[in-house]
Structure formats: C-alpha cells, structure tokens
There are 2 protein chains.
Amino acid sequence: MTGITVLLVDDHLVVRSGLRALLGTQPDLDVVAEAASGEEALELVEQLAPAVVVMDLAMGAGMDGIDAIRQLRQRNSRQAILVFTTYDSDADIVRAVDAGAMGYLLKDATPDEIFAAIRGAVQGKSVMSAPVASRLFQQLRNPDEILTPREAELLSLLTEGLSNRELGQRLFISEATVKTHLAHIYAKLGVETRAAAIATAIRREGMR
Amino acid sequence: MTGITVLLVDDHLVVRSGLRALLGTQPDLDVVAEAASGEEALELVEQLAPAVVVMDLAMGAGMDGIDAIRQLRQRNSRQAILVFTTYDSDADIVRAVDAGAMGYLLKDATPDEIFAAIRGAVQGKSVMSAPVASRLFQQLRNPDEILTPREAELLSLLTEGLSNRELGQRLFISEATVKTHLAHIYAKLGVETRAAAIATAIRREGMR
DNA sequence: AGCAGCATCAGCCAAAAGACTGAGAGACCA
DNA sequence: TGGTCTCTCAGTCTTTTGGCTGATGCTGCT
C-alpha cells in the first residue's frame with residue numbers, strides 16, 4: 001500500500017506543517033519525515049531513502065538548498081528533488097536546475113500543482129510553476145540579455161553602492177568605460193537608472 | 001465554549017494550512033477564516049469580527065500587509081493584529097508597529113511562541129520574536145539612526161528603483177520633500193548616494 | 001582576410017541627484 | 001505656553017548620471 005514517500009525540507013515549521021496537511025489529503029502521498037536544515041535533510045535521505053524530496057532554497061543558517069541538492073546528487077541517490085520556494089529569481093532557477101532539481105515550484109502554487117509536480121517527479125517528469133517556466137523560456141529567447149563577464153562584474157560592484165568613479169578605480173578603467181558598460185547593462189536589464197538596476201539585480205539575479 | 005477567534009491572512013496557501021494545523025492543536029484557538037489578500041482580509045474582518053488577525057506583510061498583488069493594518073485601524077475595529085512574516089527588516093517593523101500591529105513574529109518562530117503571541121495579543125500584550133525585539137532594542141540605543149515611519153516608507157519604495165519624481169507621485173508629495181527625506185535617510189544610514197542606500201537597505205534591513 | 005563581439009576610451013549635452021539653507025504647519029509632551 | 005519632532009515645501013548650486021556618437025585594439029571564428 002505504500003505510496004510515494006516524501007521528505008519535506010524547510011526551515012519554517014509552519015510551511016512544513018502546511019505541506020504535510022496538504023499532502024495528507026492525498027492517499028498516494030506519504031510524508032515520511034521533515035527536515036529543518038540541509039544537513040538534516042542529507043541524514044534523513046540516507047536513512048529513509050524517500051522517493052521525492054521537497055526542498056526550500058533559503059534555509060536560515062548553514063547549508064542552503066542548492067548546496068543540499070548538490071550533495072544529494074553527488075551521493076548518487078536517486079531521489080527526485082523538487083524545489084519549493086518563494087522567489088523566482090533567475091539565478092536561483094538556473095542554479096537549482098544545474099544542481100540537479102527535477103522541478104521548481106513557487107509557494108503560491110495551488111495544491112493540484114504541487115500534487116502533480118510530486119507525482120510527475122517520480123516518473124522523471126520535470127514540472128515547474130508557470131512563472132518559473134516563462135522566465136526560463138524568456139531567457140532562452142533573448143540571448144541578448146545575457147551579461148558579459150565584465151558587465152556582470154560591474155553589476156556586482158554596483159549593488160554595493162559604488163559611484164562611477166569608484167567603479168572605475170576598483171576595476172582600473174576610466175569613468176567613460178564604466179558608463180559604457182552601465183549603458184549596456186541597463187539595456188539588458190531593461191531599466192533606465194542605476195537604482196533600478198541594483199533593485200533588479202538583487203531581486204531577479206539573486207545577487208547580494 | 002468559543003475560544004479566541006483567529007483570521008489568517010497570507011497569500012501562500014501552504015502557510016495558511018500550516019498555521020491552521022498548528023493552531024488546531026490548541027483548544028482555545030479557533031481559526032474562523034483565511035484570506036489570501038489584504039482586500040479579502042478587510043471583508044472577512046467586517047463579517048466575522050475575529051479577536052485576532054494574523055497577517056503576513058508581503059502579499060503578492062494589491063494591498064500589502066501594512067496598508068491592510070492601517071485600513072483596519074481606521075475602521076476602528078478592535079482586532080488585535082499580529083504580523084507574521086519572513087523578514088525582520090527594521091523598516092517593516094517600524095511601519096507595522098506604527099500602523100497599529102500588536103506583535104511581530106517571524107515565520108521561524110516556534111509553535112509555543114505563536115500561541116503565546118496570539119493569547120497575549122487579545123489581552124493587549126505586545127509580543128515579538130527575539131530577533132525582532134533585539135533589533136528594536138538596538139535601535140533604541142541609537143535613536144539617531146531610527147527612521148521615522150515616513151522615511152521607512154520612502155526607503156522601502158527606494159529599493160524598488162524609483163526616481164525622486166516617481167517617489168513623489170507615489171507618495172503624493174513634492175520632489176523637494178522627497179529630497180529632504182532622502183537626505184535624512186542617507187544621514188541615518190551613513191551613506192551618501194541612493195545606490196548605497198539601496199544596497200544597505202537590502203543587506204542590513206533585509207528588504208527586498 | 002574579414003567579421004563579430006568584447007573591452008576600452010573621449011566628448012558633449014541634458015537630466016537627475018545631492019548639499020545647503022530656511023521655513024511653515026501640525027502633533028505631542030512637559 | 002514653549003519646545004521638540006515630523007512632515008511638508010522652495011530655491012540655489014555642484015556633482016553625478018545617463019544618452020548619444022564615434023573610435024581603437026584584441027580575440028576568436030569562419
């Protein structure tokens with residue numbers, strides 16, 4: 001009678017109980033354990049070998065979700081890993097998929113979406129929330145929006161609040177060059193001011 | 001037999017079910033309804049007049065938690081309002097308390113803390129998570145660095161990348177006033193440019 | 001060899017942001 | 001009543017940013 005065994009990983013107790021309550025309504029889904037940290041998750045996977053791991057990315061202290069996914073993959077465990085998180089940051093999506101996540105759900109997903117994602121994951125299907133999918137799709141369609149390494153470097157410093165002059169000094173380039181790079185960055189990010197660039201960089205790209 | 005009636009407000013279904021499951025273990029706490037938005041919350045409060053409203057601050061679209069709290073206070077309803085959110089941003093704390101919140105809990109609070117906060121709130125006690133309290137405490141020691149509610153509101157919008165003009169339009173004040181507020185904010189944050197202010201706001205204040 | 005992309009730089013101009021001073025209205029408190 | 005705080009606004013001046021055009025050297029690919 002054993003259905004699909006599920007391990008929940010989230011540092012927030014309310015989220016874990018919420019998921020447990022939701023999944024409890026489905027006869028074929030069995031939450032076999034909960035973990036509040038990446039470390040705990042690794043242990044429990046080893047002990048219980050659940051079919052699916054539902055994992056938050058942001059985990060208070062210690063190992064974060066991405067690291068945990070990587071570790072699981074390295075131990076070539078065969079769990080299907082589903083990311084279940086609040087933010088649809090481009091960088092997080094790419095990193096999670098790269099680390100080996102099977103699906104990517106947002107916390108405002110409907111119960112049906114969550115159930116479907118879990119059932120799909122054990123069958124090797126990749127499921128993601130609509131906003132997440134559309135972000136990935138958009139990235140594939142617009143390669144123009146990919147920052148060059150130098151631009152990314154500049155953007156990273158930009159999020160620390162440096163002025164053009166300081167950026168130039170830090171990177172050993174003239175202020176004119178800084179401006180050129182910034183203009184390109186703004187165009188690629190679809191913004192018009194440095195403030196907006198910083199805001200989108202931190203939110204969308206997950207920089208900090 | 002009626003216990004303390006509670007309304008849950010959070011745009012994430014899992015969080016609502018989690019809270020409902022947790023509160024369900026306490027015989028004296030009755031979750032009478034759930035709302036997924038600020039608008040919905042206002043309606044349900046009017047209809048059901050719950051003793052306590054447990055409210056998330058970040059709510060996808062539309063009215064955010066702070067606005068909802070303000071509206072509730074204006075309709076001089078006597079609900080105790082508890083903020084239940086993920087981030088312990090200084091600015092959010094100030095604004096929420098200013099708007100009329102009785103307590104401020106973080107989502108990684110233990111069940112006992114949550115229960116105690118709800119029971120305390122109906123008796124007029126103000127309860128907050130330890131990290132939140134320590135932030136407020138630290139602020140009291142450096143009164144020069146405390147942002148006024150208006151400044152906090154402005155800073156919050158600032159982190160979205162708005163220009164001075166846009167800030168003025170959004171807050172219905174002149175650009176001159178925006179500049180004055182910004183000058184004060186910069187002084188309090190110890191920065192000199194808006195970019196740096198955004199950077200520190202996001203890193204130090206946990207805004208996003 | 002030729003072309004495309006990247007990184008570098010200059011100069012010009014308009015717009016935005018920031019520093020500084022001063023000031024009035026309302027709230028709150030001693 | 002007087003003092004303090006907060007929020008509001010104005011004007012001036014300097015600095016910074018951003019938009020635009022154009023240009024050079026390097027690399028890698030075809």
Side-chain angles (χ1 to χ4, degrees), chain A residues 142-201, chain B residues 66-67 70 73-74 76 90-91 93-100 136 139-201:
Chain A
N142 299 0
D144 289 354
E145 294 177 9
I146 300 177
L147 298 180
T148 68
R150 193 58 158 173
E151 285 161 2
E153 192 179 2
L154 218 135
L155 180 57
S156 169
L157 288 176
L158 193 66
T159 63
E160 302 191 354
L162 302 183
S163 70
N164 291 349
R165 181 168 309 173
E166 289 168 323
L167 290 172
Q169 287 169 352
R170 194 75 81 88
L171 297 174
F172 304 106
I173 57 181
S174 80
E175 215 176 313
T177 307
V178 171
K179 283 184 166 190
T180 307
H181 285 309
L182 283 181
H184 294 157
I185 291 174
Y186 295 163
K188 289 181 179 180
L189 292 186
V191 299
E192 282 170 351
T193 68
R194 82 169 39 211
I198 294 174
T200 39
Chain B
I66 302 273
D67 288 336
R70 254 193 221 107
R73 278 294 94 102
Q74 280 177 1
N76 54 9
D90 286 352
I93 297 173
V94 171
R95 288 173 62 213
V97 171
D98 182 65
L136 276 185
Q139 285 208 326
L140 288 181
R141 279 199 339 208
N142 303 19
D144 290 353
E145 294 176 10
I146 300 179
L147 296 179
T148 68
R150 195 56 158 173
E151 285 163 1
E153 191 177 6
L154 217 132
L155 180 57
S156 170
L157 288 175
L158 192 67
T159 64
E160 300 190 357
L162 278 66
S163 69
N164 290 349
R165 181 169 310 175
E166 290 168 323
L167 290 172
Q169 287 169 351
R170 194 77 81 85
L171 298 175
F172 306 106
I173 57 181
S174 80
E175 213 176 314
T177 306
V178 171
K179 285 186 171 189
T180 305
H181 284 309
L182 284 182
H184 294 158
I185 292 174
Y186 296 164
K188 290 180 180 179
L189 292 185
V191 299
E192 283 171 351
T193 68
R194 85 169 33 212
I198 295 173
T200 35

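Worth saying up front: this structure is predicted, and the values here are computed from it rather than measured.
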### Query
Is any side-chain nitrogen or oxygen of A:Arg194 closer than 4.0 Å to OP1 or OP2 of D:dT17?
yes
### Query
So, is B:Asn164 close to the C:dA16 phosphate, meaning a side-chain N or O under 4.0 Å from OP1 or OP2?
no
Rounded distance in Å - [atom1] ([X]) to [atom2] ([N]):
X	N	atom1	atom2	result
B:His184	C:dT21	NE2	P	12 Å
A:Leu182	C:dA7	CG	P	13 Å
A:His181	C:dA10	NE2	C1'	15 Å
A:Lys188	D:dG18	NZ	C1'	18 Å
B:Glu175	D:dA10	CD	C1'	12 Å
B:Arg165	C:dA16	CZ	P	5 Å
A:Ile173	D:dG25	CD1	P	19 Å
A:Leu158	D:dG18	CG	P	8 Å

### Message
When you compare the side chain of A:Arg170 with that of A:Val178, does any pair of heavy atoms fall below 4.5 Å?
### Response
no
Got a second to check how far [X]'s [atom1] is from [Y]'s [atom2], nearest 0.5 Å?
X	Y	atom1	atom2	value
B:Leu167	B:Arg165	CG	CZ	11.5 Å
B:His184	B:Arg150	NE2	CZ	14.0 Å
A:Glu151	A:Leu158	CD	CG	12.0 Å

### Task
Find the bend of the helix from C:dA1-D:dT30 to C:dA30-D:dT1 as the angle between its two terminal axes (five pairs each), to the nearest 10°.
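End-to-end axis angle for the helix from C:dA1-D:dT30 to C:dA30-D:dT1: 40°, rounded to 10°.
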### Query
Under the side-chain contact (heavy atoms from CB on, under 4.5 Å) criterion, do B:Glu153 and B:Ile66 qualify, and how do the steps go?
CA-CA 10 Å; B:Glu153 191 177 6; B:Ile66 302 273; over 6 Å; no
### Query
Side-chain donor or acceptor of B:Thr180 under 3.5 Å from a matching atom on the base of D:dC7?
no
### Query
Is the backbone of B:Ala152 close enough, under 3.5 Å, to the side chain of B:Ser156 for a donor and an acceptor to pair up by distance?
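Looks like no, no N/O pair under 3.5 Å.
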### Query
B:Ser174 or B:Thr193: which one's nearest nucleotide on DNA chain D is closer to the 5' end?
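Closest to the 5' end, via its nearest nucleotide, is B:Ser174.
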### Query
Where the side chain of B:Lys179 is concerned, which of D:dT17, C:dA19, C:dA10 is the nearest nucleotide?
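Comparing D:dT17, C:dA19, C:dA10 against the side chain of B:Lys179, the answer is C:dA19.
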### Query
Just checking, any donor-acceptor pair under 3.5 angstrom between side chains of A:Thr180 and A:Thr177?
no
### Query
Reckon A:Thr177 touches a base, only the sugar-phosphate, or nothing at all at heavy-atom distances under 4.0 Å?
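Answer is base: heavy atoms of A:Thr177 come under 4.0 Å of a base.
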